[in-house]
Amino acid sequence: MTSIRARLTIAYAGALMGTMLIFAFALWTARRGEAYHDLEPYVSAEADLALNIIRQTEGTGQPVTTPQPDSQETLATRPGISPAVSAQLASIPDYLIVLDDSSRVLYASSSVLALDPDDRFALMQQAIVLPPTGGASVATIGSQKLVFAVRTPPAGSAVARVAAAASTDPSSGTALRDLITTMLVTAPLLLIASIAVAYMIAGRVFQPVDRIIDEVRAITDGRSLHRRLPVDSGGDEITRLAITLNEMMERLSTSFNALRRFTADASHELKTPLAVLRADVERAMSPTSPRTERLIALEEALQETTRMADLVDSLLTLARADEGRFDLHRERVELESLARDAFETVAILGEPAGVTVTMPTSEAATVLGDATRLRQLFLNLGINAVKYTPRGGSVEITLKRHGSSASFSVRDTGIGISAADLPHIFERFYRADRVRSRSAERGGFGLGLAIAHWIAEAHGGTISARSRLGRGSTFTVTLPVVDDLGTVEQAGQSEASAVV
Ligand code: ADP
(Lines give C-alpha, C1' and ligand atoms only; values in the text may rest on other atoms or scores of the structure.)
Protein backbone atom coordinates (compact mmCIF):
# COMPACT_ATOMS: atom_id res chain seq x y z
CA MET A 1 0.00 0.00 0.00
CA THR A 2 2.06 2.89 -1.21
CA SER A 3 -0.60 5.39 -2.28
CA ILE A 4 -1.10 8.46 -0.14
CA ARG A 5 -4.78 7.50 0.04
CA ALA A 6 -3.94 4.18 1.74
CA ARG A 7 -1.35 5.78 4.01
CA LEU A 8 -3.84 8.48 5.06
CA THR A 9 -6.50 5.85 5.82
CA ILE A 10 -4.08 3.82 7.96
CA ALA A 11 -2.94 6.93 9.80
CA TYR A 12 -6.55 7.95 10.38
CA ALA A 13 -7.47 4.48 11.70
CA GLY A 14 -4.46 4.55 14.03
CA ALA A 15 -5.37 7.99 15.34
CA LEU A 16 -8.99 6.89 15.84
CA MET A 17 -7.98 3.77 17.75
CA GLY A 18 -5.66 5.81 19.96
CA THR A 19 -8.42 8.33 20.66
CA MET A 20 -10.89 5.57 21.46
CA LEU A 21 -8.47 3.90 23.88
CA ILE A 22 -7.76 7.20 25.65
CA PHE A 23 -11.50 7.90 25.82
CA ALA A 24 -12.26 4.44 27.24
CA PHE A 25 -9.51 4.77 29.84
CA ALA A 26 -10.72 8.24 30.87
CA LEU A 27 -14.31 6.98 31.16
CA TRP A 28 -13.27 3.94 33.17
CA THR A 29 -11.20 6.07 35.57
CA ALA A 30 -14.06 8.53 36.00
CA ARG A 31 -16.55 5.74 36.70
CA ARG A 32 -14.24 4.13 39.26
CA GLY A 33 -13.75 7.47 41.00
CA GLU A 34 -17.48 7.98 41.09
CA ALA A 35 -18.00 4.50 42.62
CA TYR A 36 -15.84 5.33 45.65
CA HIS A 37 -17.35 8.73 45.89
CA ASP A 38 -20.96 7.47 45.81
CA LEU A 39 -20.29 4.80 48.42
CA GLU A 40 -18.96 7.12 51.13
CA PRO A 41 -22.27 8.80 52.17
CA TYR A 42 -24.08 5.47 51.77
CA VAL A 43 -21.84 3.59 54.24
CA SER A 44 -21.84 6.58 56.65
CA ALA A 45 -25.66 6.56 56.59
CA GLU A 46 -25.66 2.81 57.40
CA ALA A 47 -23.33 3.31 60.39
CA ASP A 48 -25.41 6.27 61.63
CA LEU A 49 -28.61 4.25 61.25
CA ALA A 50 -27.19 1.35 63.28
CA LEU A 51 -26.05 3.77 66.01
CA ASN A 52 -29.48 5.43 66.12
CA ILE A 53 -31.23 2.05 66.48
CA ILE A 54 -29.01 1.23 69.46
CA ARG A 55 -29.43 4.65 71.09
CA GLN A 56 -33.19 4.66 70.61
CA THR A 57 -33.44 1.22 72.22
CA GLU A 58 -31.31 2.47 75.13
CA GLY A 59 -33.49 5.59 75.32
CA THR A 60 -36.62 3.47 75.86
CA GLY A 61 -34.83 1.65 78.72
CA GLN A 62 -34.84 -1.71 76.98
CA PRO A 63 -31.68 -3.82 77.10
CA VAL A 64 -29.46 -3.67 74.10
CA THR A 65 -27.36 -6.64 75.04
CA THR A 66 -28.32 -9.99 76.50
CA PRO A 67 -26.05 -12.74 77.80
CA GLN A 68 -25.68 -15.49 75.22
CA PRO A 69 -24.17 -18.94 75.47
CA ASP A 70 -20.54 -19.00 74.43
CA SER A 71 -19.97 -21.35 71.53
CA GLN A 72 -16.76 -22.80 72.99
CA GLU A 73 -17.61 -23.15 76.69
CA THR A 74 -21.15 -24.43 76.94
CA LEU A 75 -21.78 -23.23 80.52
CA ALA A 76 -20.26 -19.78 80.12
CA THR A 77 -22.09 -16.88 78.65
CA ARG A 78 -20.91 -13.80 76.78
CA PRO A 79 -22.76 -10.57 75.99
CA GLY A 80 -24.57 -10.36 72.65
CA ILE A 81 -26.99 -7.94 71.07
CA SER A 82 -30.61 -8.38 72.09
CA PRO A 83 -32.86 -10.17 69.58
CA ALA A 84 -35.08 -7.07 69.18
CA VAL A 85 -32.12 -4.87 68.27
CA SER A 86 -30.57 -7.61 66.15
CA ALA A 87 -33.79 -7.89 64.13
CA GLN A 88 -33.67 -4.17 63.40
CA LEU A 89 -29.98 -4.20 62.54
CA ALA A 90 -30.57 -7.10 60.13
CA SER A 91 -32.38 -4.65 57.85
CA ILE A 92 -29.03 -3.00 57.08
CA PRO A 93 -27.74 -4.86 54.01
CA ASP A 94 -23.95 -4.53 53.98
CA TYR A 95 -21.26 -5.52 56.46
CA LEU A 96 -22.13 -4.35 60.00
CA ILE A 97 -20.21 -5.10 63.21
CA VAL A 98 -21.07 -3.92 66.73
CA LEU A 99 -18.35 -4.17 69.39
CA ASP A 100 -18.34 -3.66 73.17
CA ASP A 101 -15.59 -1.81 75.09
CA SER A 102 -13.49 -4.99 75.27
CA SER A 103 -13.62 -5.22 71.47
CA ARG A 104 -15.84 -8.27 71.71
CA VAL A 105 -18.24 -8.73 68.83
CA LEU A 106 -21.82 -8.06 69.98
CA TYR A 107 -23.30 -8.28 66.50
CA ALA A 108 -22.08 -9.23 63.03
CA SER A 109 -24.39 -9.00 60.03
CA SER A 110 -25.14 -12.06 57.93
CA SER A 111 -22.89 -10.82 55.12
CA VAL A 112 -19.96 -10.70 57.61
CA LEU A 113 -20.70 -14.26 58.70
CA ALA A 114 -20.84 -15.35 55.06
CA LEU A 115 -17.20 -14.29 54.49
CA ASP A 116 -14.45 -16.87 54.65
CA PRO A 117 -12.68 -16.94 58.05
CA ASP A 118 -9.58 -15.00 56.92
CA ASP A 119 -11.56 -12.17 55.36
CA ARG A 120 -13.92 -12.13 58.34
CA PHE A 121 -10.96 -11.84 60.72
CA ALA A 122 -9.40 -9.05 58.65
CA LEU A 123 -12.73 -7.22 58.50
CA MET A 124 -13.11 -7.38 62.27
CA GLN A 125 -9.52 -6.19 62.73
CA GLN A 126 -10.29 -3.12 60.60
CA ALA A 127 -13.53 -2.53 62.59
CA ILE A 128 -11.42 -2.48 65.77
CA VAL A 129 -8.45 -0.39 64.58
CA LEU A 130 -10.01 2.16 62.20
CA PRO A 131 -10.42 5.58 63.87
CA PRO A 132 -14.02 6.63 64.49
CA THR A 133 -14.46 9.64 62.21
CA GLY A 134 -17.52 11.48 60.99
CA GLY A 135 -16.78 10.30 57.44
CA ALA A 136 -15.55 7.08 55.86
CA SER A 137 -12.22 5.46 55.01
CA VAL A 138 -11.07 2.80 52.56
CA ALA A 139 -9.38 -0.50 53.43
CA THR A 140 -8.52 -3.61 51.41
CA ILE A 141 -9.84 -6.92 52.63
CA GLY A 142 -8.70 -9.93 50.61
CA SER A 143 -9.34 -9.13 46.95
CA GLN A 144 -11.86 -6.35 47.46
CA LYS A 145 -11.75 -2.76 48.51
CA LEU A 146 -14.14 -1.76 51.27
CA VAL A 147 -15.39 1.63 52.29
CA PHE A 148 -15.68 1.79 56.11
CA ALA A 149 -17.64 4.10 58.40
CA VAL A 150 -16.91 3.73 62.13
CA ARG A 151 -19.05 5.39 64.86
CA THR A 152 -18.83 5.46 68.67
CA PRO A 153 -21.89 6.14 70.87
CA PRO A 154 -21.65 8.53 73.85
CA ALA A 155 -20.28 7.16 77.16
CA GLY A 156 -22.61 4.95 79.21
CA SER A 157 -23.75 2.83 76.34
CA ALA A 158 -23.39 -0.92 76.38
CA VAL A 159 -21.98 -0.63 72.88
CA ALA A 160 -18.50 0.82 72.27
CA ARG A 161 -18.22 0.88 68.47
CA VAL A 162 -20.34 0.42 65.34
CA ALA A 163 -18.63 -0.27 62.02
CA ALA A 164 -20.42 -0.43 58.67
CA ALA A 165 -18.62 -1.38 55.43
CA ALA A 166 -19.51 -1.94 51.79
CA SER A 167 -17.50 -3.28 48.88
CA THR A 168 -16.80 -1.05 45.91
CA ASP A 169 -17.07 -4.08 43.66
CA PRO A 170 -20.81 -4.61 43.52
CA SER A 171 -21.52 -1.01 42.74
CA SER A 172 -18.63 -0.36 40.29
CA GLY A 173 -17.93 -3.83 38.94
CA THR A 174 -21.06 -4.43 36.94
CA ALA A 175 -21.23 -0.92 35.59
CA LEU A 176 -17.61 -1.04 34.54
CA ARG A 177 -17.99 -4.51 33.10
CA ASP A 178 -20.98 -3.30 31.12
CA LEU A 179 -19.01 -0.33 29.91
CA ILE A 180 -16.04 -2.45 28.81
CA THR A 181 -18.31 -4.99 27.09
CA THR A 182 -20.13 -2.22 25.23
CA MET A 183 -16.87 -0.71 24.14
CA LEU A 184 -15.42 -4.02 22.99
CA VAL A 185 -18.49 -4.67 20.89
CA THR A 186 -18.89 -1.20 19.43
CA ALA A 187 -15.19 -0.33 18.92
CA PRO A 188 -14.48 -2.74 16.01
CA LEU A 189 -17.73 -1.76 14.27
CA LEU A 190 -16.93 1.92 14.73
CA LEU A 191 -13.40 1.36 13.50
CA ILE A 192 -14.48 -0.48 10.34
CA ALA A 193 -17.10 2.18 9.56
CA SER A 194 -14.59 5.00 10.11
CA ILE A 195 -11.91 3.34 7.94
CA ALA A 196 -14.45 2.95 5.13
CA VAL A 197 -15.49 6.60 5.42
CA ALA A 198 -11.84 7.77 5.63
CA TYR A 199 -10.93 5.73 2.54
CA MET A 200 -13.85 7.25 0.64
CA ILE A 201 -13.01 10.81 1.72
CA ALA A 202 -9.30 10.36 0.88
CA GLY A 203 -10.34 9.06 -2.54
CA ARG A 204 -12.48 12.14 -3.11
CA VAL A 205 -9.67 14.45 -2.00
CA PHE A 206 -7.15 12.84 -4.33
CA GLN A 207 -9.40 12.76 -7.37
CA PRO A 208 -8.19 16.22 -8.55
CA VAL A 209 -4.57 15.12 -7.99
CA ASP A 210 -5.12 12.10 -10.24
CA ARG A 211 -6.64 14.42 -12.82
CA ILE A 212 -3.60 16.73 -12.59
CA ILE A 213 -1.23 13.76 -13.01
CA ASP A 214 -3.03 12.71 -16.20
CA GLU A 215 -3.06 16.26 -17.56
CA VAL A 216 0.62 16.88 -16.79
CA ARG A 217 1.53 13.57 -18.43
CA ALA A 218 -0.34 14.62 -21.55
CA ILE A 219 1.25 18.08 -21.56
CA THR A 220 4.84 17.02 -20.93
CA ASP A 221 4.97 14.67 -23.90
CA GLY A 222 6.98 17.56 -25.42
CA ARG A 223 4.59 18.76 -28.08
CA SER A 224 1.86 20.29 -25.89
CA LEU A 225 3.89 22.64 -23.70
CA HIS A 226 1.56 25.49 -24.69
CA ARG A 227 -1.35 23.74 -22.88
CA ARG A 228 -2.15 24.64 -19.27
CA LEU A 229 -3.90 22.85 -16.41
CA PRO A 230 -7.46 23.96 -15.65
CA VAL A 231 -7.50 26.08 -12.47
CA ASP A 232 -10.60 26.03 -10.26
CA SER A 233 -11.63 29.14 -8.43
CA GLY A 234 -10.87 29.00 -4.70
CA GLY A 235 -7.46 28.93 -3.13
CA ASP A 236 -7.17 25.35 -1.86
CA GLU A 237 -3.94 23.35 -2.09
CA ILE A 238 -4.91 21.65 -5.36
CA THR A 239 -5.63 24.99 -7.00
CA ARG A 240 -2.29 26.36 -5.79
CA LEU A 241 -0.55 23.22 -7.08
CA ALA A 242 -2.17 23.71 -10.50
CA ILE A 243 -1.14 27.39 -10.54
CA THR A 244 2.46 26.55 -9.55
CA LEU A 245 2.68 23.82 -12.19
CA ASN A 246 1.28 26.21 -14.79
CA GLU A 247 3.92 28.80 -13.86
CA MET A 248 6.62 26.14 -14.09
CA MET A 249 5.39 25.05 -17.52
CA GLU A 250 5.30 28.68 -18.62
CA ARG A 251 8.98 29.05 -17.70
CA LEU A 252 9.84 25.71 -19.31
CA SER A 253 8.00 26.66 -22.44
CA THR A 254 9.82 30.03 -22.56
CA SER A 255 13.24 28.38 -22.20
CA PHE A 256 12.41 25.68 -24.74
CA ASN A 257 11.28 28.29 -27.20
CA ALA A 258 14.41 30.37 -26.53
CA LEU A 259 16.56 27.28 -27.05
CA ARG A 260 14.75 26.39 -30.25
CA ARG A 261 15.06 29.96 -31.53
CA PHE A 262 18.73 30.07 -30.55
CA THR A 263 19.50 26.84 -32.41
CA ALA A 264 17.48 27.93 -35.44
CA ASP A 265 19.17 31.37 -35.48
CA ALA A 266 22.65 29.90 -35.04
CA SER A 267 22.09 27.43 -37.89
CA HIS A 268 20.66 30.18 -40.06
CA GLU A 269 23.60 32.48 -39.34
CA LEU A 270 26.04 29.71 -40.24
CA LYS A 271 24.14 28.70 -43.38
CA THR A 272 24.71 31.95 -45.26
CA PRO A 273 28.51 32.23 -44.78
CA LEU A 274 28.85 28.53 -45.53
CA ALA A 275 26.97 28.97 -48.82
CA VAL A 276 29.15 31.97 -49.70
CA LEU A 277 32.26 30.00 -48.74
CA ARG A 278 31.23 27.09 -50.92
CA ALA A 279 30.58 29.38 -53.89
CA ASP A 280 33.93 31.12 -53.37
CA VAL A 281 35.83 27.84 -53.17
CA GLU A 282 34.06 26.54 -56.29
CA ARG A 283 34.96 29.76 -58.10
CA ALA A 284 38.59 29.50 -57.00
CA MET A 285 38.78 25.89 -58.13
CA SER A 286 37.19 26.46 -61.53
CA PRO A 287 39.82 25.93 -64.24
CA THR A 288 38.07 28.47 -66.44
CA SER A 289 38.32 31.33 -63.90
CA PRO A 290 41.06 33.85 -64.54
CA ARG A 291 43.80 34.13 -61.88
CA THR A 292 42.64 37.52 -60.46
CA GLU A 293 39.06 36.25 -60.01
CA ARG A 294 40.38 33.20 -58.18
CA LEU A 295 42.34 35.43 -55.80
CA ILE A 296 39.25 37.61 -55.15
CA ALA A 297 37.21 34.46 -54.47
CA LEU A 298 39.84 33.20 -52.02
CA GLU A 299 39.92 36.56 -50.23
CA GLU A 300 36.12 36.50 -49.86
CA ALA A 301 36.34 32.94 -48.56
CA LEU A 302 38.86 34.09 -45.97
CA GLN A 303 36.53 36.90 -44.87
CA GLU A 304 33.60 34.51 -44.51
CA THR A 305 35.80 32.09 -42.55
CA THR A 306 36.76 34.92 -40.18
CA ARG A 307 33.08 35.86 -39.77
CA MET A 308 32.16 32.27 -39.00
CA ALA A 309 35.03 31.98 -36.52
CA ASP A 310 33.73 35.16 -34.79
CA LEU A 311 30.21 33.72 -34.67
CA VAL A 312 31.37 30.38 -33.26
CA ASP A 313 33.51 32.24 -30.71
CA SER A 314 30.52 34.34 -29.60
CA LEU A 315 28.26 31.29 -29.41
CA LEU A 316 30.84 29.46 -27.34
CA THR A 317 31.16 32.42 -24.97
CA LEU A 318 27.38 32.55 -24.43
CA ALA A 319 27.05 28.77 -24.10
CA ARG A 320 29.76 28.69 -21.45
CA ALA A 321 28.20 31.67 -19.69
CA ASP A 322 24.84 29.85 -19.65
CA GLU A 323 26.41 26.80 -18.10
CA GLY A 324 28.21 28.97 -15.55
CA ARG A 325 31.46 27.40 -16.73
CA PHE A 326 33.13 30.70 -17.52
CA ASP A 327 35.98 31.40 -15.17
CA LEU A 328 36.28 35.15 -15.02
CA HIS A 329 39.59 36.38 -13.69
CA ARG A 330 39.18 38.46 -10.59
CA GLU A 331 41.89 41.08 -10.42
CA ARG A 332 42.08 44.80 -9.76
CA VAL A 333 41.46 46.54 -13.06
CA GLU A 334 42.05 50.27 -13.64
CA LEU A 335 39.02 51.20 -15.73
CA GLU A 336 40.53 54.48 -16.90
CA SER A 337 43.30 52.89 -18.97
CA LEU A 338 40.86 50.30 -20.36
CA ALA A 339 38.43 53.03 -21.37
CA ARG A 340 41.28 55.03 -23.02
CA ASP A 341 42.38 51.92 -24.98
CA ALA A 342 38.81 51.38 -26.16
CA PHE A 343 38.48 55.06 -27.05
CA GLU A 344 41.67 54.99 -29.17
CA THR A 345 40.55 51.89 -31.09
CA VAL A 346 37.07 53.32 -31.68
CA ALA A 347 38.59 56.63 -32.80
CA ILE A 348 40.74 54.80 -35.37
CA LEU A 349 37.65 52.95 -36.66
CA GLY A 350 35.64 56.17 -36.71
CA GLU A 351 38.11 58.02 -38.95
CA PRO A 352 37.44 56.19 -42.26
CA ALA A 353 33.70 56.16 -41.40
CA GLY A 354 33.69 59.95 -40.99
CA VAL A 355 32.57 59.76 -37.34
CA THR A 356 34.21 62.01 -34.73
CA VAL A 357 35.02 60.15 -31.51
CA THR A 358 35.80 62.11 -28.32
CA MET A 359 36.43 61.30 -24.67
CA PRO A 360 35.75 64.49 -22.67
CA THR A 361 35.59 62.91 -19.20
CA SER A 362 37.70 60.12 -17.77
CA GLU A 363 37.83 59.62 -14.00
CA ALA A 364 39.92 57.09 -12.11
CA ALA A 365 38.07 53.97 -10.93
CA THR A 366 39.20 50.48 -9.97
CA VAL A 367 37.02 47.40 -10.27
CA LEU A 368 37.54 43.75 -9.44
CA GLY A 369 37.18 41.80 -12.67
CA ASP A 370 38.43 40.38 -15.92
CA ALA A 371 40.34 43.00 -17.95
CA THR A 372 39.96 41.11 -21.26
CA ARG A 373 36.18 40.78 -20.90
CA LEU A 374 35.76 44.39 -19.75
CA ARG A 375 37.79 45.58 -22.75
CA GLN A 376 35.52 43.46 -25.00
CA LEU A 377 32.45 45.08 -23.35
CA PHE A 378 33.73 48.65 -23.89
CA LEU A 379 34.80 47.90 -27.46
CA ASN A 380 31.45 46.27 -28.34
CA LEU A 381 29.62 49.45 -27.31
CA GLY A 382 32.15 51.76 -29.01
CA ILE A 383 32.23 49.78 -32.26
CA ASN A 384 28.40 49.62 -32.34
CA ALA A 385 28.26 53.42 -31.90
CA VAL A 386 30.55 53.95 -34.91
CA LYS A 387 28.73 51.22 -36.88
CA TYR A 388 25.30 52.78 -36.41
CA THR A 389 26.33 56.44 -36.83
CA PRO A 390 26.27 57.86 -40.33
CA ARG A 391 29.12 59.92 -41.77
CA GLY A 392 29.42 63.35 -40.11
CA GLY A 393 28.06 62.13 -36.77
CA SER A 394 29.85 61.97 -33.45
CA VAL A 395 30.47 59.52 -30.63
CA GLU A 396 31.23 60.59 -27.05
CA ILE A 397 32.78 58.20 -24.54
CA THR A 398 32.84 59.04 -20.81
CA LEU A 399 34.02 57.29 -17.67
CA LYS A 400 32.69 58.72 -14.42
CA ARG A 401 32.89 57.70 -10.81
CA HIS A 402 29.79 58.12 -8.61
CA GLY A 403 30.46 57.08 -5.05
CA SER A 404 30.68 53.32 -4.94
CA SER A 405 30.18 52.76 -8.67
CA ALA A 406 31.73 53.72 -11.97
CA SER A 407 29.77 54.34 -15.15
CA PHE A 408 31.09 53.95 -18.67
CA SER A 409 28.87 55.63 -21.28
CA VAL A 410 28.91 55.69 -25.07
CA ARG A 411 26.68 58.33 -26.63
CA ASP A 412 26.24 58.61 -30.38
CA THR A 413 24.28 60.79 -32.76
CA GLY A 414 23.50 57.80 -34.97
CA ILE A 415 20.42 56.10 -36.38
CA GLY A 416 18.93 55.34 -32.95
CA ILE A 417 16.69 52.45 -31.97
CA SER A 418 12.90 52.44 -32.09
CA ALA A 419 10.92 52.12 -28.85
CA ALA A 420 9.63 48.75 -30.12
CA ASP A 421 13.16 47.38 -30.63
CA LEU A 422 14.75 48.88 -27.53
CA PRO A 423 13.50 46.25 -25.03
CA HIS A 424 14.91 43.42 -27.21
CA ILE A 425 18.37 44.61 -28.21
CA PHE A 426 20.11 42.62 -25.45
CA GLU A 427 18.47 39.40 -26.66
CA ARG A 428 20.55 36.93 -28.62
CA PHE A 429 20.48 37.31 -32.44
CA TYR A 430 18.26 40.37 -32.16
CA ARG A 431 19.02 42.98 -34.78
CA ALA A 432 16.89 46.08 -34.85
CA ASP A 433 17.11 46.55 -38.59
CA ARG A 434 18.52 43.50 -40.33
CA VAL A 435 18.17 44.75 -43.92
CA ARG A 436 19.85 48.05 -43.25
CA SER A 437 22.73 46.76 -41.20
CA ARG A 438 23.44 43.95 -43.67
CA SER A 439 23.22 46.11 -46.74
CA ALA A 440 25.51 48.65 -45.10
CA GLU A 441 28.07 45.89 -44.65
CA ARG A 442 27.87 46.46 -40.94
CA GLY A 443 26.07 43.24 -40.32
CA GLY A 444 26.89 41.61 -37.02
CA PHE A 445 25.09 38.58 -35.67
CA GLY A 446 23.09 40.33 -32.98
CA LEU A 447 25.20 38.70 -30.26
CA GLY A 448 27.45 41.62 -29.26
CA LEU A 449 25.00 43.23 -26.83
CA ALA A 450 23.96 39.83 -25.40
CA ILE A 451 27.63 39.22 -24.55
CA ALA A 452 28.00 42.80 -23.22
CA HIS A 453 25.00 42.21 -20.98
CA TRP A 454 26.45 38.98 -19.64
CA ILE A 455 29.87 40.61 -18.96
CA ALA A 456 28.27 43.51 -17.06
CA GLU A 457 26.14 41.15 -14.96
CA ALA A 458 29.05 38.80 -14.29
CA HIS A 459 30.87 41.79 -12.75
CA GLY A 460 27.91 42.61 -10.52
CA GLY A 461 26.98 45.57 -12.71
CA THR A 462 24.21 46.61 -15.07
CA ILE A 463 23.88 47.78 -18.64
CA SER A 464 21.19 50.08 -19.97
CA ALA A 465 20.30 51.82 -23.20
CA ARG A 466 18.41 55.00 -23.98
CA SER A 467 17.66 55.86 -27.56
CA ARG A 468 15.45 57.80 -29.95
CA LEU A 469 15.05 56.76 -33.54
CA GLY A 470 17.05 59.09 -35.81
CA ARG A 471 18.54 60.99 -32.87
CA GLY A 472 21.13 58.62 -31.46
CA SER A 473 21.64 56.27 -28.55
CA THR A 474 23.39 56.18 -25.20
CA PHE A 475 24.60 52.91 -23.68
CA THR A 476 25.68 52.98 -20.03
CA VAL A 477 27.49 50.29 -18.06
CA THR A 478 27.57 50.64 -14.27
CA LEU A 479 30.11 48.61 -12.30
CA PRO A 480 30.79 48.41 -8.56
CA VAL A 481 34.22 49.80 -7.69
CA VAL A 482 36.66 48.48 -5.07
CA ASP A 483 38.32 50.55 -2.38
CA ASP A 484 42.06 50.64 -1.71
CA LEU A 485 41.92 47.43 0.32
CA GLY A 486 40.34 45.57 -2.58
CA THR A 487 36.90 45.15 -1.03
CA VAL A 488 33.93 45.79 -3.29
CA GLU A 489 32.06 48.88 -2.19
CA GLN A 490 28.24 48.89 -1.98
CA ALA A 491 27.14 48.07 -5.54
CA GLY A 492 25.25 50.95 -7.14
CA GLN A 493 22.41 49.47 -9.14
CA SER A 494 20.33 52.62 -9.35
CA GLU A 495 21.78 53.65 -12.73
CA ALA A 496 19.91 50.89 -14.59
CA SER A 497 17.14 53.03 -15.84
CA ALA A 498 16.09 52.17 -19.33
CA VAL A 499 16.51 48.55 -20.22
CA VAL A 500 18.29 45.76 -18.38
P1 ADP B 1 25.18 43.49 -34.02
O2 ADP B 1 26.31 42.57 -34.13
O3 ADP B 1 24.08 43.24 -34.97
O4 ADP B 1 25.56 44.91 -33.89
P5 ADP B 1 24.52 43.76 -31.26
O6 ADP B 1 24.08 42.75 -30.29
O7 ADP B 1 25.77 44.47 -30.97
O8 ADP B 1 24.53 43.04 -32.65
O9 ADP B 1 23.35 44.80 -31.40
C10 ADP B 1 22.04 44.39 -31.53
C11 ADP B 1 21.24 45.36 -32.33
O12 ADP B 1 21.07 46.56 -31.56
C13 ADP B 1 21.93 45.82 -33.60
O14 ADP B 1 21.60 44.95 -34.65
C15 ADP B 1 21.37 47.19 -33.80
O16 ADP B 1 20.16 47.13 -34.49
C17 ADP B 1 21.08 47.69 -32.41
N18 ADP B 1 22.16 48.62 -31.94
C19 ADP B 1 23.18 48.31 -31.13
N20 ADP B 1 23.92 49.41 -30.86
C21 ADP B 1 23.35 50.42 -31.52
C22 ADP B 1 23.64 51.82 -31.65
N23 ADP B 1 24.66 52.40 -31.05
N24 ADP B 1 22.79 52.57 -32.41
C25 ADP B 1 21.74 52.01 -33.01
N26 ADP B 1 21.41 50.71 -32.95
C27 ADP B 1 22.21 49.94 -32.22
Side-chain angles (χ1 to χ4, degrees), residues 258 261-262 265-266 268-270 272-273 303-304 306-319 321-322 342-343 345-347 349-350 353-359 373-398 407-458 462-477 497-500:
R261 212 175 51 229
F262 186 74
D265 283 345
H268 180 77
E269 291 298 337
L270 282 168
T272 319
Q303 271 175 14
E304 286 307 322
T306 315
R307 256 178 73 79
M308 280 201 310
D310 285 351
L311 172 62
V312 171
D313 197 44
S314 299
L315 285 175
L316 214 62
T317 304
L318 285 170
D322 282 349
F343 158 68
T345 312
V346 175
L349 289 173
V355 176
T356 321
V357 184
T358 55
M359 189 169 186
R373 290 290 163 194
L374 288 171
R375 184 180 290 112
Q376 184 184 4
L377 164 62
F378 291 174
L379 271 176
N380 270 359
L381 299 182
I383 293 170
N384 271 357
V386 171
K387 230 168 35 170
Y388 298 107
T389 302
R391 191 165 281 280
S394 65
V395 172
E396 192 182 277
I397 297 176
T398 53
S407 65
F408 174 84
S409 287
V410 181
R411 191 164 64 83
D412 64 58
T413 57
I415 58 172
I417 304 162
S418 72
D421 287 324
L422 198 58
H424 303 288
I425 51 166
F426 294 101
E427 289 170 15
R428 292 165 191 193
F429 293 112
Y430 194 86
R431 289 195 294 263
D433 190 340
R434 290 170 186 241
V435 181
R436 183 172 42 181
S437 51
R438 272 230 174 264
S439 62
E441 282 302 318
R442 289 164 173 160
F445 302 107
L447 292 175
L449 285 182
I451 293 176
H453 177 221
W454 163 67
I455 296 173
E457 272 203 337
T462 57
I463 183 166
S464 62
R466 278 181 292 125
S467 186
R468 281 182 67 185
L469 202 59
R471 292 284 189 86
S473 322
T474 306
F475 284 81
T476 307
V477 177
S497 53
V499 182
V500 181

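Indexing begins at 1, ligand by ligand and atom by atom, following the structure's order. For the single chain, residues carry numbers from 1 onward in sequence order.
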(request) State whether the shortest distance between N or O atoms of R431 and N or O atoms of ligand 1 falls below 3.5 angstrom. (result) no

(request) Answer whether the closest heavy-atom distance between the side chains of I451 and S314 falls below 4.5 Å. (result) yes

(request) Identify the two heavy atoms, one from S407 and one from T476, that lie closest to each other, and give their separation to 0.1 Å. (result) CB-CG2, 4.1 Å

(message) Between S394 and T389, is there a side-chain heavy-atom distance shorter than 4.5 Å?
(response) no

(message) Ignoring hydrogens, what is the shortest heavy-atom contact between A266 and L315? Give both atom names and the distance.
(response) CB-CD1, 3.9 Å

(request) Decide whether S473 and S467 meet the rule of one side-chain donor and one side-chain acceptor closer than 3.5 Å. (result) yes

(message) Using a 4.0 Å cut-off to any heavy atom of G416, which atoms of ligand 1 qualify?
(response) 25 (C)

(message) Do V357 and I397 make a side-chain contact, defined as non-hydrogen atoms from C-beta onward lying under 4.5 Å apart?
(response) yes

(message) Quick check on contacts: which atoms of ligand 1 are under 4.0 angstrom from a heavy atom of G446?
(response) 1 (P), 2 (O), 3 (O), 6 (O), 8 (O)

(request) Enumerate the atoms of ligand 1 whose separation from the nearest heavy atom of K387 is less than 4.0 angstrom. (result) 1 (P), 2 (O), 4 (O)

(message) Quick check on contacts: which atoms of ligand 1 are under 4.0 angstrom from a heavy atom of G448?
(response) 5 (P), 6 (O), 7 (O)

(request) Mark up the atoms of ligand 1 that fall under 4.0 Å of a heavy atom belonging to L447, in ascending order. (result) 6 (O), 8 (O)

(message) Evaluate A432 for polar contact with ligand 1, using N/O atom pairs at a separation under 3.5 Å.
(response) yes

(message) Suppose I only count heavy atoms of L449 and a 4.0 Å limit; which atoms of ligand 1 are within that range?
(response) 5 (P), 6 (O), 7 (O), 9 (O), 10 (C), 12 (O), 19 (C)

(message) Which heavy atom of L349 sits nearest to which heavy atom of V386, and what is that distance?
(response) O-CG1, 4.1 Å

(request) Just go through F475, Y388, Y430, F445 and tell me whose heavy atom is the nearest to atom 10 (C) of ligand 1. (result) Y430

